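Okay, structure first, notes after.
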Amino acid sequence: IWAHGTITYNKKEKKMKNEEVQKLVQLRTHVIKFYNDLVEAHSPTAVMNTRDTAILCEEIISSLDDVVRDYVNFQKES
């Protein structure tokens with residue numbers, strides 16, 4: 001679902017809006033909470049549920065897409 005593709009940067013100079021910065025802060029907070037909730041995060045034998053990892057990745061990608069949508073265009077590879 002999240003395949004590599006082409007990224008085209010919009011030529012117009014745009015500055016991030018406060019709302020966009022807040023979204024990035026919320027995303028950072030979410031990732032930190034996820035990390036802090038890991039059991040034995042630094043254990044070399046730790047095992048993590050793949051579903052939980054996939055859900056986190058999907059949330060991060062979706063959140064980042066929301067923030068950068070006005071600045072770049074993503075296209076799936078053909």
Side-chain angles (χ1 to χ4, degrees):
I1 187 169
W2 303 107
H4 295 285
T6 305
I7 300 173
T8 307
Y9 295 95
N10 295 336
K11 306 247 180 199
K12 295 179 181 177
E13 287 288 325
K14 294 185 179 181
K15 293 184 179 181
M16 292 188 91
K17 300 172 190 167
N18 187 46
E19 177 183 314
E20 294 164 330
V21 173
Q22 290 297 338
K23 286 181 182 179
L24 288 174
V25 170
Q26 289 173 349
L27 177 59
R28 180 180 184 276
T29 301
H30 178 67
V31 173
I32 289 170
K33 181 185 178 321
F34 185 88
Y35 177 83
N36 288 335
D37 288 345
L38 292 173
V39 176
E40 299 181 35
H42 298 289
S43 171
T45 59
V47 177
M48 185 171 173
N49 186 320
T50 302
R51 183 185 64 216
D52 293 341
T53 305
I55 290 169
L56 175 67
C57 291
E58 289 172 5
E59 289 172 349
I60 291 170
I61 292 167
S62 178
S63 294
L64 290 171
D65 284 351
D66 287 345
V67 174
V68 300
R69 181 173 289 122
D70 290 341
Y71 306 99
V72 296
N73 297 316
F74 296 102
Q75 295 176 344
K76 289 185 179 182
E77 287 183 9
S78 314

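Values below: all heavy atoms of this structure, side chains included; hydrogens, waters and symmetry mates excluded. Numbers here are sequence positions counted from 1. Source: prediction; values computed, not measured.
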As a quick check of understanding, evaluate side chain to side chain contact (heavy atoms under 4.5 Å, CB included) for Leu56 and Ile60, giving each step before the final call. CA-CA 6 Å; Leu56 175 67; Ile60 291 170; 3.8 Å; yes
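The structure places CG of Asn18 at 11.5 Å from NZ of Lys23, a figure rounded to the nearest 0.5 Å. Put simply, CD on Gln26 and NE2 on His30 are 11.0 Å apart, with the number rounded to the nearest 0.5 Å.
The nearest pair of heavy atoms linking Val67 to Glu20 is O-OE2, 3.8 Å.
Put simply, Ile61 and Ile55 are part of two different groups of oily side chains (I, L, V, M, F, W, Y) that touch within less than 4.5 Å, one to the next.
For the side-chain hydrogen bond (donor to acceptor under 3.5 Å, both in side chains) with Lys33, the qualifying choice from Asp37, Asn36, Thr29 is Asp37, the only one to do so.
At distances below 3.5 Å, at least one donor-acceptor pair connects side-chain atoms of Ser63 with backbone N or O atoms of Glu59.
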